[in-house]
Amino acid sequence: LDRIASARDGRDASREALQAARDREAIERRRLDAGLIAEVQFDQTRLGTMQAELALLQARHDLLAALLSLQADTGIAIEGLDAF
């Protein structure tokens with residue numbers, strides 16, 4: 001169960017990091033549109049958002065793997081796994 005709790009914590013942290021990255025991207029988009037930053041700087045921000053998206057996908061995968069492992073170890077079906 002510790003593995004599941006750890007995976008959930010990782011997923012939650014990844015969600016928060018993605019939201020922060022999206023917020024930064026929105027700010028940088030406005031700065032780009034106003035001519036305050038170069039396109040390459042915005043591209044770097046966009047890359048950070050994409051990396052945060054990938055990190056969230058990995059965290060979701062880790063949580064699913066932990067839940068499937070628990071299900072296999074106990075032989076008890078865990079409801080809600082279809083949501084993944």
Please tabulate, one pair per line, all N/O donor-acceptor pairs under 3.5 Å involving side-chain atoms of residues 51-58, not counting sequence neighbours.
from: Gln58; atom 1: NE2; to: Asp62; atom 2: OD1; distance (Å): 2.8

Name all pairs fulfilling the side-chain hydrogen bond (donor to acceptor under 3.5 Å, both in side chains) condition that reach into residues 26-36, sequence neighbours left out, sorted by first residue then second.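 Of all non-adjacent pairs touching residues 26-36, those that pass side-chain hydrogen bond (donor to acceptor under 3.5 Å, both in side chains) are Glu28-Arg31.
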
Is it possible for you to say whether Leu36 and Phe42 belong to one hydrophobic cluster, with membership spreading through side-chain heavy-atom contacts below 4.5 Å? no

Test side-chain hydrogen bond (donor to acceptor under 3.5 Å, both in side chains) applied to Thr49 - qualifying residues, sequence neighbours left out: Glu25

Partner residues of Asp23 under the side-chain hydrogen bond (donor to acceptor under 3.5 Å, both in side chains) criterion, sequence neighbours left out: Gln19

Atom pair [atom1] ([X]) and [atom2] ([Y]), whose distance is rounded to the nearest 0.5 Å:
X     : Y     : atom1 : atom2 : value
Gln41 : Glu39 : CD    : CD    : 11.0 Å
Ser69 : Leu64 : OG    : CG    : 11.0 Å
Arg8  : Leu1  : CZ    : CG    : 9.0 Å
Asp12 : Leu63 : CG    : CG    : 9.0 Å

Can you give the donor-acceptor pairs under 3.5 Å from side chains of residues 71-79 to other protein atoms, not counting sequence neighbours?
from: Gln71; atom 1: OE1; to: Ile78; atom 2: N; distance (Å): 2.8
from: Thr74; atom 1: OG1; to: Leu70; atom 2: O; distance (Å): 2.9
from: Thr74; atom 1: OG1; to: Ile76; atom 2: N; distance (Å): 3.3

Not counting sequence neighbours, which residues clear side chain to side chain contact (heavy atoms under 4.5 Å, CB included) with Ala59? List them please.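 Only Arg11, Ser14 meet the side chain to side chain contact (heavy atoms under 4.5 Å, CB included) criterion with Ala59.
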
